[in-house]
Amino acid sequence: MADLKDSTRVTWPVRAVVTAGMPYGNKPLHFGHIGGVFVPADAFARFLRDRIGAENVRFVSGTDCFGSPINEGYRKLVEAGEFSGTIADYVLANHERQAATLEAFQVSLDIYDGSGIGHAGDVHQMVTDQFISRLHEQGHLRLDSTLQFYDAEAGTFLNGRQVQGRCPVQGCKSEHGYADECDLGHQYAPVDLIAPVSTLTGTTPEMRPVENWYFDLPDFEAFLKGRVDDLRADDEVRPVVPQTIAEFLVPPVVFVKNEHLDDYRALADQLPPHSFREAEGNKSSFEIEFADIEARDAARTVLAGAGIRFRTSKTLVPFRITGNIEWGVAAPVIDGVEGLTVWCWPESLWAPISFTIAANDERGLPRGSWRDFWCSDDARVYQFIGQDNLYFYGVAQPALWEALGEGGLFDDGEDSRLRQTTLVANHHMLFGKKKASSSGAVKPPTGEQLLEHYTPEQLRAHFLALGLDQKSVGFSPKPFDPDLAKRDDPRVADPALKEGALLTNVFNRLARSCFYEAQKNFDGCMPLGRVSDEVRRRAFQAMLDYEERMHRVQLHAVMTVSDEFIRWSNKYWADHIKAAEESGDEDARRQVLLDSFYLLRVACLLMHPIVPVGCEKICDYLSFGFDELFSWNYDFDSNEELCPAMEIDAGAHRIHELPPRFDFFRKHESQYK
């Protein structure tokens, strides 16, 4: 056993923050929110609590209360006569529905408030004021006048979602381009949006100048390139993270259709210095590369004036901090500029800091205790996000953190430099074979709808087994299959129940077998003593494999390790109890039960982050405390370390009586029909 027990173990931070993005406050949570982000983050946060102590973990999130999608959703409902309250009422109603869904899916957030709700909202306003003021003090903000969309017929500037067109970024196929970003996360200047239309009047909007604060993101190109190199060298970082960041760290390029080649040549001398590259192979566009974003923008004006249509490449552009919609976090007054609100994306990046402060406030901790989680060398922040948001979390956020400098957020003499975060970027969870979106043509089922057909634990196990860290994967729940014939055909298996069978069949069987055997032949007690070497060796290997995969946040592999261990444990029980019964050896029978209770304990430890409620039921019937059974800080030589001395001397631990035909993991009621 010593070779496994004393093996080199992965190291964990002393404290950790886990975040799970922020759902917009204009809609309920659909399966992508829950299965692609919240359940994986919850499983990881639960594991960390078991591994480093619950007091050292903050699992934070909240409703994104502001921004143009919320403004637009509220406007449409009011105009349709479907909502009569204020926009704050609208957001609060959606927030409460989201919170209820997360609770139903057993998501154990330390705080789920909102960027504009209650105490957390007050803290977030304070943090926002401080963050933007510090960026300005450090010389990284500039006031710039840019052209924004204006609907002359409606007599108003348009917020981001009140304009729709086609994304102008080369290679992007999105038909959902908004004012300055598309639904795939590409950033661009509003004037570059192709075929813009106002959603208010259906007219083509005008472009009028508006002043806003911008963060000098291009100044951090060298820093970001160094960060990409570090991320590439870390074999625990998912390749999509440095790969996506690197796509923005290239010189700005303009792509022009080959049909405009002669027009380009006629005015090439009017453009800033640039490099020309002919179209290669079957490409339909040639390229013009510039030294910096200012030169590209000057060239864009010349090209547009000549009627030459073009697309732009991904590159670093100034990152907008403020906006002009009324419904937003108030921006601080700087250099006499007032009346601005903060664009929802930058403030959502530092919102987890606000939520951490608010969560610590609720615990009665000192206000500065947030630094122990965000600034300390022995702490780590894990951010679970969808890969579409890597521009914001992987490009903009690291530069913003770096821009604050050594003084960090408050510059008050304390160690406040923000540590860079660990990005856990998942691929898309498809609905069947298509990408689903609540704003698109393929409408995904909500969390509430899924729970009409499955238990939370069946879905949690399935979501974690999908392998979203590796590729986009389809979620195909049978009750929502568009083919009605398949829904009604009992011969067609439900893909969403594959992992649920491990719970309702195998794991249940292992637990019940142990309890019923103890009640029938051992006076309702768990035998104590030395665990068989084979069992201890198998358990230690499973725990080492599990911990290593959890360290890489490879949750599908965590599921595989747990699945294989539970099946092996169940088979061990079945094979050895049969042999003991056939031989009539009571000592062998006692050893089998002792070993199997030990295997059950380890199985509960492994599965606790995945299916917590059922594992905690087992813990209750075992008559152990949660803090003991679900802690990784034991030797795991036997179950005796969980028992008081008097029980160890007696060689048995009293357990609770299990009722007949009891299920620790039940199927959904609809599945019994």
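- A ring-centre distance under 6.0 Å is found for Trp632 and Phe47.
- Using modelled atom types and a 3.5 Å distance limit, the side chains of His124 and Glu347 yield a donor-acceptor pair.
- Judged purely by distance below 3.5 Å, without hydrogens or angles, the side chains of Arg238 and Asn426 pair a donor atom with an acceptor atom.
- Inter-residue side-chain proximity for Asp494 and Tyr454 is flagged as met; some heavy-atom pair is nearer than 4.5 Å.
- Residues Asp620 and His656 have side chains that never bring a donor and an acceptor to within less than 3.5 angstrom of each other.
- Residues Met543 and Leu605 form a side-chain contact, since some pair of their non-hydrogen atoms from C-beta on lies under 4.5 Å apart.
- In this model, no donor atom of one side chain and acceptor atom of the other lie less than 3.5 Å apart for Ser174 and His176.
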Inset, instruction - Output, in order, the C-alpha distance, side-chain angles, deciding distance and verdict of salt bridge (charged side-chain N to carboxylate O under 4.0 Å, His left out) for Arg46 and Asp50. - result: CA-CA 6 Å; Arg46 286 179 181 274; Asp50 292 346; over 6 Å; no

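- A donor-acceptor contact closer than 3.5 angstrom is absent between the side chains of Glu548 and Gln554.
- Looking only at atom types and distance, the side chain of Tyr112 has a donor-acceptor partner in the side chain of Gln98 under 3.5 Å away.
- A donor and an acceptor atom, one from each side chain of Gln671 and Gln458, are located under 3.5 Å apart.
- Side-chain N/O atoms of His551 and Glu236 include a donor and acceptor closer than 3.5 Å.
- Between the side chains of Asp89 and Thr86, at least one donor N or O sits under 3.5 Å from an acceptor N or O.
- Donor-acceptor pairing under 3.5 Å is recorded for the side chains of Glu547 and Trp12.
- With 3.5 Å as the limit, one finds a donor-acceptor pair spanning the side chains of Asn360 and Arg58.
- Between the side chains of Arg380 and Thr421, no donor-acceptor pair is found at a separation under 3.5 Å.
- Residues Arg666 and Thr504 are not in side-chain contact: their nearest non-hydrogen atoms beyond the backbone lie 4.5 Å or more apart.
- Using modelled atom types and a 3.5 Å distance limit, the side chains of His427 and Asp469 yield no donor-acceptor pair.
- Distance check, rounded to the nearest 0.5 Å: CZ of Phe410 to CH2 of Trp370 gives 6.0 Å.
- Proximity of Thr322 to Thr341: side-chain heavy atoms (C-beta onward) are nowhere separated by under 4.5 Å.
- Within the 4.5 Å cutoff, side-chain heavy atoms of Leu390 are placed close to those of Leu423.
- Ion pair Glu448/Arg97 flagged as a salt bridge, since at least one NZ, NE, NH1 or NH2 atom sits closer than 4.0 Å to an Asp/Glu carboxylate oxygen.
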Legend entry - CA sep, side-chain torsions, deciding dist, call: Ser108, Asp42, side chain to side chain donor-acceptor pair (under 3.5 Å): CA-CA 6 Å; Ser108 59; Asp42 181 68; 2.6 Å; yes

